[in-house]
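Computed from heavy atoms alone, side chains included, the values below leave out hydrogens, waters and symmetry copies.
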Amino acid sequence: MKRLRPTRLEDALEFRAEYKALPFAGGTDLMVRHRGYTGTLPKIQSPVLFLDALDELKTLEIVDGTLRIGAGVSMAELLAFPGTPELLRRAVQLIAAPALRNRASLGGNICNASPAADSLPPLYVHQAKVVAVSREGERSLPIAEFLTGPGQTALKEYEILLRIELPLLPEKGRLYYRKVGTRKANALSKLSSAGYAEIDKGKVLDFRFALGAVAPTVIRLSEAESLVQGASLKEIDTRAVSEAAETRIQPIDDQRSNATYRRKIALNSLMEFIEQLKTIVPEDL
């Protein structure tokens, strides 16, 4: 296995373009995917491009209300940063164990493109964008357009994921995050969900809800969201919302769960968030 470990971004982009080198940013899933027999090295055909020495991928800053997260920032560094949004923080806290969070990066988690990745539903709720870079320059696209299927992204073979841009949400908004798994951490999710709602005087001004592990990619429940947004808390038609949500949910059976269970808990999560909102006393807002 050929290993490349540049210290300058321009060299990394050169290697990526010339050798079609495989980016490595944490590699906690990559090593599992290419594992061989016990006692042998992982079997990776392409040269491996280690990105941990690139300062450009380690940035963590808030600019004009947007959190910019370098693609190489580890999950542990995200948790330690005081500006990390609460919704993303809740998700990262439930990813594996501290040892893995010290290695795994948010950029790697995105490029791995698992529909069950715990960090992704909060990114969809925040309407995050990702920035890819090549020798020709940078390009930005919404996270929902970047992730195109299980293990598939829009990253071109000559590009590197540079950073994630996360617009911050108003602090007065209500948040929801739930991971359903065999255990709270150290276990892959059967399902994960994230929600956000902004309410004023009993009326829902903004409502967002995202689900992981119920479709080929993480999804937003756009049709259900539109039925909640603009409604008063007392007038929300939960049956109509549930029916609209169900049209978007397409779970599969796999080794961690089955489609029937995933569909049920997905709808339960959505209803749980709405019921939590209905307990809010308008005068308290």
Side-chain angles (χ1 to χ4, degrees), residues 4-17 21-30 48-92 95 101-114 117-148 151-169 194 210 212 217-218:
L4 304 165
R5 190 171 182 270
T7 57
R8 301 191 313 156
L9 180 60
E10 51 265 43
D11 292 336
L13 295 175
E14 187 75 19
F15 292 148
R16 178 75 165 138
L22 184 63
F24 186 107
T28 52
D29 278 337
L30 192 67
V48 177
L49 181 61
F50 290 87
L51 302 175
D52 58 314
L54 299 177
D55 291 338
E56 292 88 345
L57 271 62
K58 301 296 287 183
T59 58
L60 198 48
E61 59 181 355
I62 295 176
V63 179
D64 296 331
T66 295
L67 174 60
R68 293 183 174 182
I69 307 169
V73 170
S74 72
M75 299 297 184
E77 289 168 332
L78 262 181
L79 287 177
F81 184 64
T84 297
E86 175 62 21
L87 199 55
L88 181 57
R89 184 182 300 278
R90 292 183 191 179
V92 172
I95 294 175
R101 293 199 292 267
N102 285 332
R103 290 294 307 168
S105 67
L106 186 60
N109 207 222
I110 292 172
C111 289
N112 192 47
S114 167
D118 292 328
S119 69
L120 296 184
L123 299 185
Y124 275 62
V125 168
H126 273 269
Q127 299 180 159
K129 292 185 177 181
V130 298
V131 178
V133 62
S134 69
R135 290 184 295 186
E136 283 70 45
E138 298 181 5
R139 70 181 179 112
S140 172
L141 63 168
I143 184 79
E145 294 180 16
F146 183 74
L147 297 168
T148 56
Q152 299 176 355
T153 74
L155 191 71
K156 301 184 185 300
E157 61 182 4
Y158 51 83
E159 290 179 324
I160 292 172
L161 183 61
L162 181 63
R163 66 176 179 270
I164 301 97
E165 296 184 345
L166 203 70
L168 301 179
L169 297 169
T217 65
V218 170

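- Within 6.0 Å of CD in E157 there are 12 or fewer heavy atoms belonging to other residues, nucleotides or ligands.
- Taking all atoms of both residues into account, the shortest heavy-atom contact from S74 to R101 is CB-O, 3.7 Å.
- Between R139 and A154, the shortest heavy-atom distance links the atoms NH2-O, 2.7 Å.
- Considering every non-hydrogen atom in both V218 and A210, the closest pair reads CG1-CB, 4.4 Å.
- Of the charged side-chain nitrogens involved, none lies within less than 4.0 Å of a carboxylate oxygen, so that E14 and R8 do not count as a salt-bridged pair.
- Side-chain atoms of S105 come within 3.5 Å of backbone atoms of A25 as a donor-acceptor pair (strictly under, hydrogens ignored).
- Summarising the geometry of T7 relative to L54, their closest heavy-atom pair is C-CD2, 3.7 Å, with the distance given to 0.1 Å.
- Nearest heavy atom pair, residue E159 against residue R16, reads O-NE, 2.6 Å.
- Using modelled atom types, no side-chain atom of K58 and backbone atom of G70 make a donor-acceptor pair closer than 3.5 Å.
- Within a 6.0 Å sphere centred on CG of N102, heavy atoms belonging to other residues, nucleotides or ligands number more than 12.
- Of the candidates L166, V92, I69, I69 is the only one forming a side chain to side chain contact (heavy atoms under 4.5 Å, CB included) with L106.
- Under a 3.5 Å cut-off, the side chain of T84 and the backbone N or O of R89 do not form any donor-acceptor pair.
- Nearest heavy atoms, T153 versus I110: CG2-O, 4.2 Å.
- Put simply, OG1 on T217 and CG on L120 are 9.0 Å apart, with the number rounded to the nearest 0.5 Å.
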**OP:** Show your working on salt bridge (Lys or Arg N to Asp or Glu O under 4.0 Å) between E61 and R163 and close with a plain yes or no.
**Re:** CA-CA 11 Å; E61 59 181 355; R163 66 176 179 270; over 6 Å; no
